[in-house]
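The structure under discussion appears below in the form of structure tokens.
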Amino acid sequence: MMTNQKHLQPFFFILSLAVLGNIPLSMAKEVIQIPVGVVLDLNSSVGAIANSCMTTAVLDFYNKHDHYQTKLHLHTRDSADDIVTAASEAWYMMKKEKVQAIIGPQRSAEAKFVMELGRKTKVPIISFSATSPSLSPSRSPFFVRTAFDDSAQVKAIAAIIEAYSWLEVVLVYEDTDYGNGLIPYLVDAIQEVGARVPYRSVIPPSSNDAEIRRELRRLNSTSTRIFLVHMTASLGTKFFILAKKIGMMSEGYAWIVTEGLSTLLDPVSSEAMDSMEGVLGVRPHIPMTKCLEDFMIRWKKPNKMTAGLNLFGLWAYDTVWALAMAVEKVGTTSSRSMKQNTSLETRNMGKNLLETIPSSKFQSLSGNFQLVKGQLEPSTFEIFNVIGSKERIIGYWIDQEKGLSRQLKYDQSEAEKSDVKRRLKQPIWPGDTTDQPATKKLRIGVPMKEGFNEFLKVEKNNISGFAADVFFAALAKLPFPLPHDFLPFDGTYDDLLGRIKAGKYDAVVGDTTIVANRSLYVDFTLPYSESGVSMVVLVENNERDNIWIFLKPLSLDLWLTTGAAFIFTGFVIWVLEHRVNSEFRGPPQQQLGMIFWFSFSTLVFAHREKVVNNWSRLVLIIWVFVVLILTQSYTASLASMLTVQRLQPVFTDIREIQKKGYYVGYQNNSFIKGFLIENLGLKESMLKVYKTIEQYNDALSKGSNNGGVAAIIDEIPYLKLFIAKNCSKYTMVGPTYKTDGFGIAFPRGSPLVSYMSRAILNVTQDKPKMDSIEEKYFGNQTICDDQSGKISSDGRSLHVYSFGGLFIIAGVVSMFSLLMYMYRFLCSQWPTLRTAIHSENSFRLKMVELAKHFDKKDLISHPFTRRTSRIHAVDTPDETAIGGVHDANDMQNNSAVENNIDANENESNDGNILSGHTDSSIHVPNLSS
């Protein structure tokens with residue numbers, strides 16, 4: 001009964017105004033009260049300010065919309081910063097006071113429980129301050145967030161980290177749903193810009209000062225000096241006051257605060273503001289409009305709070321306006337069917353509100369109010385710097401595409417486009433300095449070396465040498481400062497790199513070789529030196545005065561191949577010429593000598609025998625060309641050996657040394673020892689360790705049999721330096737085993753690897769810079785490069801492979817000519833040979849018969865037919881021509897020609913190597929008959 005009277009009071013009030021004010025009763029309208037629950041922590045600054053703003057919002061809204069038929073009636077309850085209390089108050093209002101919506105609760109942990117109650121009772125839960133990403137309107141249909149999701153700010157925070165090239169950021173957050181919900185998003189965003197989170201500090205809200213100090217000291221013991229704080233105002237103010245007391249708000253530190261704390265900087269105490277000087281903050285940008293300015297003036301008059309207006313208060317104000325608009329749309333539609341129920345106790349009210357609120361769009365105090373997927377659409381963020389008790393805007397984050405900008409209007413200069421850091425104004429860092437804090441001061445381990453100081457030399461806390469200069473040059477190429485301390489280490493390189501894995505060093509700089517097994521526990525930059533492992537041995541004179549040096553130009557296989565080619569060519573020429581050329585006929589021993597003589601005489605082009613067969617001429621042309629190439633090559637090689645001093649390595653292969661059991665040296669503390677044992681199979685007893693170039697020289701000079709070594713195996717840069725100081729005594733031989741050169745080592749996953757790799761690449765590609773560094777420590781190696789031309793290996797003799805093409809061509813031509821000639825011979829002698837072949841004689845007698853036919857002269861060949869014609873021309877006198885008168889001298893000349901021809905024929909007949917008797921098939925007519 002009392003409830004009904006309460007709901008009728010507005011009606012009687014309007015009726016009284018109509019009667020007393022002479023207003024027509026028809027003009028008086030019925031206003032429907034809509035009960036709305038509010039759950040806030042009224043003892044907190046956020047809760048108190050939000051409650052005040054919502055009360056003002058109700059008055060402002062209905063003053064402007066006095067014609068609305070509905071009106072919100074707020075039922076405010078205090079959660080007392082307790083989850084159970086917040087849920088209990090919300091449940092009571094849902095069941096007893098029949099509220100149609102609940103604004104709040106204030107914290108994410110409270111909202112998580114109240115959301116479930118709203119889902120069961122079909123009552124919308126509208127929160128302007130529960131910003132944790134773990135609360136999702138898409139997963140909770142009766143939850144609406146009229147604020148930004150905390151994850152909307154992570155891109156802006158990551159852009160700041162990227163702008164200042166910070167590589168490591170420590171996260172500090174409170175152990176609540178609000179604190180924990182944002183961390184996965186922050187870590188992902190930080191890693192996307194190439195930084196990493198080496199440590200996370202979780203602080204419970206109930207922590208006392210001693211516990212917070214203990215955690216701050218733990219943070220200070222880490223090497224990272226960039227901190228990102230995600231806390232609410234109550235815990236955050238206490239945290240920064242204590243951080244300043246222990247000296248962590250001084251020069252060299254950088255602090256970033258998220259939206260949850262940065263939106264409340266005005267409400268915090270002056271002591272907290274003083275302790276946060278130099279802090280960077282991120283918060284949504286609220287444009288200062290005329291409406292907002294008027295509201296702030298009106299709000300301050302009745303509110304005597306020490307805390308000022310904040311963003312959550314504005315969002316609370318906008319929430320009331322959005323809900324009032326939605327209630328009016330839903331209420332006027334439903335009121336026609338519920339004339340007798342002015343409280344609108346309907347189950348469909350909550351569902352209708354959920355459909356109406358997201359469609360609300362208006363220009364609110366905080367900007368453009370528009371919900372996307374059940375929560376406020378993100379807008380521009382501003383980056384500010386705390387200076388004293390004030391905040392200075394140093395830039396804006398427009399969106400993910402445009403990124404940071406100094407001005408809200410996106411209009412970047414060329415300098416800003418090329419340098420991300422210039423997109424923000426110069427901040428004042430903790431310690432009242434403009435010097436940008438570095439990620440951390442690197443603890444860099446450097447190996448101590450007794451020798452090879454040209455590569456690295458450690459003097460107290462400073463280093464010099466080739467590796468050091470490359471490192472310093474790379475530092476100059478980095479887009480950010482990188483403070484560091486050098487920590488000398490006396491031990492093996494593997495132990496030194498192991499200290500990175502153990503967390504004792506942040507990097508290792510020096511002549512550290514990149515090898516596969518080391519990359520399992522550290523990351524290397526790109527190499528900056530020549531790579532590979534090779535062997536150095538002693539060289540000796542090539543004994544230029546050796547009496548057998550004339551055999552050196554050609555290798556044994558080439559000598560044997562050339563000799564076989566001479567004999568084969570001589571045989572082919574004899575076969576082709578034997579039946580048609582008298583100079584290739586005679587006794588067996590003479591013809592055998594002819595084969596060797598003719599072929600070897602072509603070596604100096606001293607052959608006088610004429611060849612008459614065209615196939616012989618073809619073979620001889622090719623062979624003479626081969627001989628020409630061979631003789632010229634031999635002459636050039638021999639002349640080089642006799643005129644240029646050459647040094648020859650004592651050994652050319654590690655297997656030869658291993659087989660003979662000689663000692664091998666390597667450099668102290670390097671990975672070479674393991675390489676020799678594991679990869680090359682050398683026994684540890686065969687290895688000797690050395691530290692300096694002088695020890696290398698002494699060991700190689702002595703030799704393996706005199707207390708030294710037969711070879712030194714080391715990385716190529718060391719060996720080149722060693723040879724440069726001993727040009728004429730040693731040389732590198734054998735295969736080069738692949739390594740990746742020198743690099744700078746960092747912990748696995750360190751973002752510094754990519755930055756330093758790019759810097760090293762810029763240095764190594766700067767040829768004048770690298771040349772000056774190499775010249776400074778290694779000197780001019782041109783002289784030694786010239787000396788290397790005097791050092792020869794086993795490949796100095798000419799080998800058969802170099803002339804393989806020539807021998808193949810000569811052999812093919814010779815075989816082809818021989819086969820063609822034999823084919824013609826068999827075709828011409830086939831009638832005679834057929835009888836011999838079909839006879840009943842043995843195979844041996846048949847071959848003898850075939851050889852006899854081959855040994856006969858080819859009388860129908862051109863040379864013999866031409867000779868016969870010439871003989872007949874001489875023997876038949878032309879009496880008509882000479883008038884029958886013979887001159888005595890002419891008779892004598894003819895007689896001499898006849899005698900010469902007969903003598904040649906007789907000699908030729910006597911030289912039959914198979915029959916041994918005179919060939920009677922040729923008859924010379926008697927000139928005297």
Side-chain angles (χ1 to χ4, degrees), residues 41 43-50 81 106-109 129-132 147-148 150 153-154 156-157 160 169-183 186 199-220 226-249 253-284 306-313 381-391 430:
D41 180 9
N43 293 323
S44 67
S45 60
V46 173
I49 293 172
D81 193 20
Q106 182 175 322
R107 292 179 171 82
S108 298
S129 57
T131 56
S132 173
F148 293 162
D150 274 343
Q153 63 184 316
V154 298
I157 295 173
I160 297 174
V169 179
V170 173
L171 296 182
V172 185
Y173 56 96
E174 64 178 51
D175 191 12
T176 61
D177 286 348
Y178 165 77
N180 294 315
L182 184 63
I183 299 307
L186 278 174
Y199 183 74
R200 303 182 191 183
S201 175
V202 185
I203 301 178
S206 59
S207 299
N208 56 36
D209 290 357
E211 291 171 338
I212 295 176
R213 282 195 184 94
R214 190 181 305 116
E215 184 61 27
L216 283 169
R217 292 190 182 95
R218 188 178 294 112
L219 290 174
N220 202 27
I226 314 300
F227 302 97
L228 175 58
V229 181
H230 178 54
M231 295 178 179
T232 55
S234 57
L235 181 60
T237 53
K238 184 194 300 184
F239 177 84
F240 276 103
I241 291 173
L242 295 175
K244 184 175 182 179
K245 288 182 179 180
I246 68 170
M248 293 183 68
M249 299 302 297
Y253 293 84
W255 297 85
I256 306 173
V257 294
T258 60
E259 172 192 320
L261 185 56
S262 62
T263 54
L264 300 174
L265 287 183
D266 189 30
V268 302
S269 64
S270 58
E271 182 184 6
M273 285 292 289
D274 290 340
S275 67
M276 295 177 66
E277 183 167 2
V279 170
L280 298 184
V282 175
R283 65 187 173 199
T306 56
L309 184 65
N310 57 49
L311 179 60
F312 292 116
F381 285 87
E382 61 185 25
I383 294 92
F384 63 89
N385 181 212
V386 178
I387 302 176
S389 59
K390 297 182 180 180
E391 306 158 17

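Since this is a predicted model, take the numbers as computed values, not measurements.
Geometric assessment of R107 against the ring of Y178 yields a negative cation-pi assignment under the 6.0 Å and 45° thresholds.
With a 4.5 Å cut-off on side-chain heavy atoms, D41 and V46 do not count as touching. Here the side chains of N43 and D81 are not in contact, with every heavy-atom distance at 4.5 Å or above. The shortest side-chain heavy-atom distance between F381 and I157 does not fall under the 4.5 Å cut-off. Proximity of V257 to F240: side-chain heavy atoms (C-beta onward) are separated by under 4.5 Å at one or more points.
Between D150 and H230, the shortest heavy-atom distance links the atoms OD2-CE1, 3.9 Å. Closest approach of P284 to E259, counting heavy atoms only: CD-CG, 3.7 Å. Shortest non-hydrogen contact noted between L261 and A233 is CD1-CA, 3.6 Å. Shortest non-hydrogen contact noted between S108 and T131 is OG-N, 3.6 Å. Heavy-atom minimum distance, M248 versus L216: SD-O, 3.4 Å. Nearest heavy-atom pair, I203 versus M231, reported as atom, atom and distance to 0.1 Å: CD1-CE, 3.7 Å.
Note that OH of Y173 is 10.5 Å distant from CG of L182, once rounded to the nearest 0.5 Å. Note that the CE atom of M273 and the CD1 atom of I387 stand 10.5 Å from one another [nearest 0.5 Å]. To the nearest 0.5 Å, the span separating CD1 on I256 from CD1 on I160 amounts to 5.5 Å. Between the CZ atom in R214 and the CG atom in L242 there is a gap of 12.5 Å [rounded to 0.5 Å]. If you take CZ on F312 and OG on S44, they are separated by 10.5 Å, rounding to the nearest 0.5 Å. Taken from CG in L219 to OG in S201, the straight-line distance is 4.5 Å, to the nearest 0.5 Å.
The closest side-chain donor-acceptor pair between T258 and Q153, if any, does not fall under 3.5 angstrom.
Side-chain atoms of N385 come within 3.5 Å of backbone N or O of V279 as a donor-acceptor pair. Side-chain N or O atoms of E391 include none that pairs as donor or acceptor with a backbone N or O of F384 at under 3.5 Å. No donor-acceptor pair under 3.5 Å is formed between the side chain of E215 and the backbone N or O of I212.
No option in V229, L235, N180 other than L235 meets the side chain to side chain contact (heavy atoms under 4.5 Å, CB included) test with E174.
Listed by chain and residue number, W255 satisfy the ring-ring contact (aromatic ring centres under 6.0 Å, His included) test with F227 (two or more places apart in sequence, or in another chain).
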